[in-house]
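Just so we're on the same page: letters track the sequence lines, and every chain starts at 1. Computed from heavy atoms alone, side chains included, the values below leave out hydrogens, waters and symmetry copies.
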Protein chains: 2
Amino acid sequence: MDDGHIPSSSQSPWLPFESRRRARDEKREAVLRTAVALFLEQGYHGATLNEVARRLNITKPALYNYFRGKDEILYECWSIGNELVDDCIAETSASTGSGLSKLRKLIVRYAELMTEDYGKSLVRFDLRDLSEDNRKIVQTAKRRIDGAFRDYIAEGVEDGSVKPCDAKLAAFAIAGSLNWIGHWFQPGGEMTGRAVAEEFAIRLTEGIATTATRKTARKAAVPAAEKADKPPRNGNAPREDESEHHTRAAARAAGQSKRARGRLR
Amino acid sequence: MDDGHIPSSSQSPWLPFESRRRARDEKREAVLRTAVALFLEQGYHGATLNEVARRLNITKPALYNYFRGKDEILYECWSIGNELVDDCIAETSASTGSGLSKLRKLIVRYAELMTEDYGKSLVRFDLRDLSEDNRKIVQTAKRRIDGAFRDYIAEGVEDGSVKPCDAKLAAFAIAGSLNWIGHWFQPGGEMTGRAVAEEFAIRLTEGIATTATRKTARKAAVPAAEKADKPPRNGNAPREDESEHHTRAAARAAGQSKRARGRLR
DNA sequence: CCCGTATATTACCCGTGGGTAAAAAATAGT
DNA sequence: ACTATTTTTTACCCACGGGTAATATACGGG
């Protein structure tokens, strides 16, 4: 009778526990995915927890097994987006090149983030809907992001790849343009998120790049991350960014595991 | 004009108990001024009509003599901002010059609007809080504004003042940058709204202009050194914007009179 | 088979705030 | 001064939705 199906339980006593914890995390994430989509779709105040639950085929109180309340769900959505931004910055900072080159890399990654749900949550959600503590965390993180843009610009000014300019205002101009993507972009349009991102990287740095001598500016200034030397008419050659996707995915997974997990009561 | 008395409160037609004999329209406008400030300060959902009324030294039901409901107040706030934008576009369109020149003018005016309450209401308020009808009106108006940017860019491309580019995306980039001003600018900072506006007009067109704006660009590029000690150069003096203020004020008054006024029950 | 734990459901509470009816106060006209 | 109209207040309703307590169900281990 010892057909021994499902050996997992007999072999490792703590594996079931692990699998259960994993299942729990997966449910938690499912809640967040649903919530972020609904919040973006109907607005935080327009969306109800009943509707979130309904889309998950559960009922509202079940959500409270994973989150303390609505505002915590909002915060967690934002938190995931923030981790993705952190990854962008980390990857960019780790790269070598001029300040301008780093700036362009950050713009591409950040812009593409703004075309995704969790990225949008960074700019579409209202700080005032968060608890006092979480609001402070978000504000600090926002300053950090702004600082990254500013630092790259300043770095570019020093190494000569960027024209002398007010780094603060230039960063506001660039970041504002990018953040606004999160307000108008919706998948299914004529351009993919990546296409928008790369176009913006060029457009937003054309004005401050020193090498902006007419047409040569583009090609010379964007050698590494740019494959647009071919007419930007076709969206082919999605190959060179494979490594980036790998890195992105890995960092994201790591981020998730390291993020504060749902209260294990 | 000078209603100088009782410095304790701001400008409320209801101030003390008597002397409540002002025109209906003025009261209506006072409500909107208070409401737009509160909505921006606490968010539409965070702000209550009770608080709006309290700041005006009246009670909530009194508001319903001038507006049908909260969402109509929101719409009227937006509507005033929209009229101001319309004025910007009209003035710009009436001016002569290259497409680039018009674009810059529009940017300056639009940017400065974004530093004011009614301008901010254009980009900080959520369409979904409006009634179905009003939402459609707003959406149409938004497209019109976007179209103005796009048209000037296209015009500039044709007359050679602007480099060939995707007008749609360029407009998104510029308008996004400007709209974001409405999210971060608050009076009392180190820069005035006008200063920000002029800086942005240069920065945002540097990338797409065919003629590099030498001197203006240079001036803008070295703000840190002499930004503080630089009063308006030449004889323009601090009142060089008088004409525009005149135009603005006149147009605004006209707009108010032509805007649908409070339901005359 | 039973028990303990985690998870989910039913049923409910209740604070909030938009909105309203009716009375009161102010205002204007004659 | 009296009346008609507008404006404002007092007092109230109630829908909505976040949140909770009590209960039921699923499940793994002994």
Across all chains, not counting sequence neighbours, the ring-ring contact (aromatic ring centres under 6.0 Å, His included) partners of B/Phe185 are none
Quick one: B/Asn65 CG to C/dA21 P, roughly how many Å, whole number? 13 Å
Output yes when at least one side-chain N/O atom of A/Lys27 is less than 4.0 Å from OP1 or OP2 of C/dT7, else no. no
With a 4.0 Å limit, can you tell me whether B/Tyr64 has a side-chain N or O closer than that to the phosphate oxygens OP1/OP2 of D/dT9? no
Nearest whole Å is fine: how far is C/dT16 P from A/Lys70 NZ? 16 Å
Can you tell me how far C1' of C/dG17 sits from CG of B/Asp71, to the nearest Å? 14 Å
Can you give me the closest heavy-atom contact between B/Leu122 and B/Gly81, atom names plus distance? CD1-O, 3.7 Å
Taking atom C1' of C/dC12 as reference, at what distance in whole Å does atom NZ of A/Lys60 sit? 10 Å
Looking at C/dA8, I'd like to know if its phosphate oxygens (OP1 or OP2) sit under 4.0 Å from a side-chain N or O belonging to A/Thr59. no
Mind calculating the distance between CZ (A/Arg28) and C1' (C/dA6) to the nearest angstrom? 16 Å
What distance do B/Leu178 atom CG and B/Leu113 atom CG have between them, rounded to the nearest 0.5 Å? 10.5 Å
Below 4.0 angstrom, N of the basic side chain to O of the carboxylate: do B/Glu41 and B/Arg55 qualify? yes
List in numerical order all residues of residues 39-48 of chain B for which some heavy atom is under 4.0 Å away from an atom belonging to DNA chain C. B/Ala47, B/Thr48
With respect to the side chain of A/Pro61, which nucleotide from D/dT9, D/dT7, D/dT20 is positioned closest? D/dT20
Charged tip of A/Lys70 within 45° of A/Tyr44 ring normal and under 6.0 Å: yes
Here the distance between atom P of C/dG18 and atom CG of B/Leu49, to the nearest Å, is 4 Å
Once you round it to whole Å, what is the distance between C1' of D/dT20 and CG of A/Leu63? 14 Å
Atom CG of B/Asn50 to atom P of D/dC12: distance rounded to whole Å? 16 Å
Is a donor on one side and an acceptor on the other found under 3.5 Å between the side chain of A/Ser121 and the backbone of A/Tyr118? yes
Is there a side-chain contact between B/Arg24 and the phosphate of D/dT7, meaning an N or O under 4.0 Å from OP1 or OP2? yes
State whether A/Lys142 and A/Asp146 are salt-bridged, where the test is any N-O pair (Lys NZ or Arg NE/NH1/NH2 against Asp/Glu carboxylate O) under 4.0 Å. no
